[in-house]
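Here the structure comes first, spelled out in structure tokens, and everything after it is commentary.
Throughout, protein chains are lettered first and strands after them, A, B, ... in sequence-line order, and every chain is numbered starting at 1. All figures in this text were calculated on a predicted structure; none of them were measured in a lab.
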Amino acid sequence: MPSDKELIALFLAHQDHAAFTLLVKRYQAAIRQFLRRLSGGNHALADDVAQETFLLMYRKLDTFNGMSALSTWLHKIAYHCYLHHQQKNNGTESLEYLNIHDSVNEQQDASADVLAEQLMSILNLDERVVMTLFFSAGMSHSEIVLATDFPLGTVKSHINRAKQKLTEYIATQDEIK
Amino acid sequence: MNELSDNSDAVDQSTQSLMSDDLLGQLLQYHATVSDEEFVNTTVAKIMYQERKRQLILVCFGLFGVLSFCFLIDALSLSHAIASFGNVLKTNLPLIMTGITLTLGAWIIGNEADLI
């Protein structure tokens, strides 16, 4: 299986669309799931932003310097695309989805991913980004710093605060049951 | 940066009483696999379409620019530039002719002198 570097080189040298398609195939799941978590489970929005992310990847791949993993670079683009989309819509879509968590109890049969997406919606955007990158994408603190441009201390305090919120929320849900 | 690191170590210690990382990891991990075929095909097709559209727009703008430039030169030379250049020629024709004659004369005399 060709490495990312080989595929990037092929694409840049010959505009090899097959190489580019392979890169999209390789990273689409991670990027879409990341965006689904950010958008609080809005799959259509996540897929739209993911397409935008890969379009930017197509146009800017020649600026990728290989200092970080391609995955980290793509997560960074996806995060910025999502922020841009939110600014364009004044955050109305995300607010809409923030209300979903009220129905967690009613959806006992919801899949684990839907539950995770709903749990994410009780966090603010910065906390969601950091938590998803850390727990879902499996990035290290330093990779999160590269992907988000947050300082290391901010990354750690976001994780701490988000954990606190989730612990409290789950405890409240247990009490209600 | 050091201050931040120190602070972040304190943050690490304060998380001990919270939900464990393993539990959160299990809860928040990506569970289902996301189907790829349709998304990949749509995305790649959309990107190619966007790129072709962008290139077409660039070419159209280029052609439009060249055409505009041609029309601009044409319009300028017809209306103003050629007319004023003609006027200059007409009014200063004796002067220009004298200048040319003197220059040619000097050049010929210079060449003759060289020959001698």
**OP:** Would you give the length of the straight line joining atom OG1 of B:Thr43 to atom CG of A:Asp47, rounded to the nearest 0.5 angstrom?
**Re:** 7.5 Å

Honestly curious: do [X] and [Y] fall in one hydrophobic cluster under the side-chain, below-4.5 Å linking rule?
X	Y	answer
A:Leu56	A:Leu146	no
A:Met57	A:Leu10	no
A:Ile77	A:Val145	yes

Original post:
Can you tell which of B:Gln50, B:Arg54, B:Glu37, B:Lys46 has the highest number of heavy-atom pairs within less than 4.5 Å of chain A?
Top reply: B:Arg54

Region of [X] that comes under 4.5 Å of a non-hydrogen atom in chain B:
X	answer
A:Ala50	both
A:Phe34	both
A:Phe54	both

Original post:
Do you know which of A:Val24, A:Leu55, A:Thr132, A:Val155 has the most heavy-atom pairs with chain B at a distance under 4.5 angstrom?
Top reply: A:Leu55

**OP:** Check the surroundings of atom CD in B:Glu38: do more than 12 heavy atoms from other residues, nucleotides or ligands lie under 6.0 Å from it?
**Re:** no

Original post:
Just wondering, are more than 12 heavy atoms of other shown residues or ligands nearer than 6.0 Å to NE2 in A:His17?
Top reply: yes

**OP:** Considering non-hydrogen atoms only, spot the tightest contact between B:Val40 and A:Gln28 and give its length.
**Re:** CG2-CG, 3.9 Å

Original post:
Between B:Ile47 and A:Arg59, does a side-chain contact (heavy atoms from CB on, under 4.5 Å) hold up when you go through it step by step?
Top reply: CA-CA 10 Å; B:Ile47 288 170; A:Arg59 287 181 184 164; over 6 Å; no

